[in-house]
Amino acid sequence: MSNTVKGPASYFPSIEKKYGRPVAEWKDLIRTSPLIKHMELVAWLKTEHGLGHGHANALVAHTLAEDAAKDA
């Protein structure tokens with residue numbers, strides 16, 4: 001059996017390496033943003049912070065899923 005990380009979290013090592021910030025910091029930024037819609041947050045990360053679409057999408061998807069699980 002493989003313990004390979006799948007889904008959005010599989011992007012996290014490359015996000016940290018490419019942008020020089022820990023994933024926790026990106027999640028904090030997402031959570032403190034006044035934006036709430038997935039694609040608005042993705043666009044914001046791309047334009048304001050220079051992330052690529054895949055990296056921004058992975059961070060937003062993972063963060064929103066975590067928050068939804070906490071609220072459930």
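Starting from 1, each residue takes its place in the sequence as its number.
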Discussion item. Please report the interatomic distance OG1(T63) to CZ(R31), rounded to the nearest 0.5 Å.
Written reply: 5.0 Å
Discussion item. What's the separation between atom NZ in K27 and atom CD1 in I30, rounded to the nearest 0.5 Å?
Written reply: 8.5 Å
Discussion item. Do L29 and M39 land in one hydrophobic cluster if side-chain heavy atoms of ILVMFWY residues count as linked below 4.5 Å?
Written reply: yes
Worksheet, complete the sentence: The reported gap from CD in E66 to CG in D71 (rounded to nearest 0.5 angstrom) is 11.5 Å
Item to complete: Grab the two heavy atoms, one from P22 and one from E16, that are nearest each other, plus how far apart they are.
Response: CA-OE2, 3.5 Å
Response to the item:
Scanning both residues in full, the closest heavy-atom pair of P8 with A58 reads CB-O, 3.4 Å
Item to complete: Of all the heavy-atom pairs spanning K46 and A56, show the shortest one and how long it is.
Response: CG-CB, 4.1 Å
Practice prompt. With sequence neighbours excluded, tell me which residues meet side-chain contact (heavy atoms from CB on, under 4.5 Å) with I15.
Written response: Y11, F12, Y19, W26, H55, L59
Item to complete: Taking the side chain as every heavy atom from C-beta outward, state whether L64 and L41 have any atom pair closer than 4.5 Å.
Response: yes
